[in-house]
Asks: 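First the structure, then my questions, so here it is.
Start at 1 and go down the list; that is how both ligands and their atoms are numbered.
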Amino acid sequence: MTFTRSIKIAPSILSADFANFGQEIQAIEQQGADWVHVDVMDGHFVPNLTFGPPAVKAFRPHVKTVMDVHLMISPVDAYIDAYADAGADILTAHLEAGPHIHRTLQAIRGAGMKAGLALNPGTPAEAVTHLLDLTDLICVMTVNPGFGGQKFIDMTAKIRALRSMIGDRPVHIEIDGGVTPDTAPLVAAAGADVLVAGSAVFKGGSVTDPAPYGANIRAIRDAASAAAP
Ligand code: DX5
Ligand code: ZN
């Protein structure tokens, strides 16, 4: 994975057909996805349940790009090795998931993955001040995590603050929640480079009719790229 700030689209398979993950992953990659975003929820940190390590491991052979695993679980540390074994390229933990996020980020890198740090809408940019050299990606949540299809919450000021704090460090800014061709330019202009999108990518398409996935990905990418600094 070479670092670049060009716009990357990461469809969330939370909006895919749950009976067909292998084909859905192949379809979004063929239609231009840069990364594949996997939302892991535990029914405790967030009020919803999704995939455990065996499911994520089963997705792995289908992902030819980057498997970006977003943990919405607490605690985190006991599961890091299992997600490394499942083949995550990037493992993102929430800053709010426990008292020892510094240790968690060290452990994620120690297990051979890129370390992501997610911030809920209520968490300020300044909370990452002492974590910037331990992280490869900051995920700015633009919804309260737990469900796809929620309304975008404007976090533009937080994104700008993070972009300035990051400086020259090779740290991605990822946006997660409510990304559409309408909201993508706002976050790209503020300095985001990875855009997660679930409902806005999968709407209108299917594994037997995947062309709408491609059109949806292009619409988000074009809107974001035109606004990017
Ligand atoms: C929210 C998840 C997101 C979500 C995005 O808890 O982390 O990745 O699936 O879905 P949309 O794009 O539909 O808001
Ligand atoms: Zn996510």
Asks: Any side-chain heavy atom of C139 sitting closer than 4.5 Å to one from H94?
Replies: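 Not touching, per the 4.5 Å side-chain cut-off.
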
Asks: Show which atoms of ligand 1 fall inside a sub-4.0 Å distance from at least one heavy-atom site of D39.
Replies: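 With D39 as reference, the close atoms of ligand 1 come out as 2 (C), 3 (C), 4 (C), 7 (O), 8 (O), 9 (O).
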
Asks: What part of S12, side chain, backbone, both or neither, has a heavy atom within less than 4.0 angstrom of ligand 1?
Replies: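 Near ligand 1, S12 shows its side chain, while the N, CA, C and O stay back.
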
Asks: With heavy atoms of V196 as the reference, note each atom of ligand 1 found under 4.0 Å away.
Replies: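 Close to V196: 8 (O).
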
Asks: Between the side chains of D39 and S12, is a donor N or O closer than 3.5 angstrom to an acceptor N or O?
Replies: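 Result is yes, a qualifying pair exists.
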
Asks: D176 versus ligand 1: do any nitrogen or oxygen atoms come within less than 3.5 Å of each other?
Replies: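 Min N/O separation from ligand 1 is below 3.5 Å for D176.
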
Asks: Name the closest protein heavy atom to atom 14 (O) of ligand 1, giving the residue it belongs to and the distance to 0.1 Å.
Replies: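 Closest protein heavy atom to atom 14 (O) of ligand 1: G178 N, 2.9 Å.
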
Asks: Judged on heavy-atom distance to atom 13 (O) of ligand 1, which of S199, G177, A200, G198 sits nearest?
Replies: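 The option holding the nearest heavy atom is S199.
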
Asks: State the atoms of ligand 1, each with its element, that fall below the 4.0 Å cut-off from a heavy-atom position in H70.
Replies: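 Reading through ligand 1 atom by atom, the close ones are 7 (O).
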
Asks: Any side-chain heavy atom of I80 within less than 4.5 Å of one from L71?
Replies: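 Result no, sub-4.5 Å side-chain heavy-atom pair not found.
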
Asks: Distance only, no hydrogens: is a donor on one side chain within 3.5 Å (strictly under) of an acceptor on the other, for H172 and D136?
Replies: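 No - no donor-acceptor pair under 3.5 Å links their side chains.
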
Asks: Measuring from the Zn ion (ligand 2), name the closest N, O or S atom belonging to D176.
Replies: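 Result: OD2.
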
Asks: Kindly state whether the ring of F51 and the ring of Y83 have centres lying under 6.0 angstrom apart.
Replies: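 No, too far apart.
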
Asks: Before signing off on this row, confirm whether G149 and ligand 1 have an N or O atom pair separated by under 3.5 Å.
Replies: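 Min N/O separation from ligand 1 is below 3.5 Å for G149.
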
Asks: Nearest 10° is fine: what angle sits at the Zn ion (ligand 2) between NE2 from H37 and ND1 from H70?
Replies: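 My answer is 100°, to the nearest 10°.
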
Asks: Could you tell me the residue and atom name of the protein heavy atom closest to atom 6 (O) of ligand 1, and the distance to it rounded to 0.1 Å?
Replies: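 Going atom by atom, the protein heavy atom closest to atom 6 (O) of ligand 1 ends up being G146 N, 2.8 Å.
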
Asks: For the Zn ion (ligand 2), find the closest N/O/S atom on D39 and give its atom name.
Replies: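 Checking each N, O and S atom of D39, the shortest distance to the Zn ion (ligand 2) belongs to OD1.
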
Asks: Among protein heavy atoms, which sits nearest to atom 10 (O) of ligand 1, and what does the distance come to when rounded to 0.1 Å?
Replies: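 Result for atom 10 (O) of ligand 1: G148 CA, 3.6 Å.
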
Asks: According to a hydrophobic-cluster definition based on side-chain heavy atoms being under 4.5 Å apart (Ile, Leu, Val, Met, Phe, Trp, Tyr only), do I90 and L195 belong together?
Replies: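 No, it is not one cluster - the side chains of I90 and L195 are not joined through contacts under 4.5 Å.
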
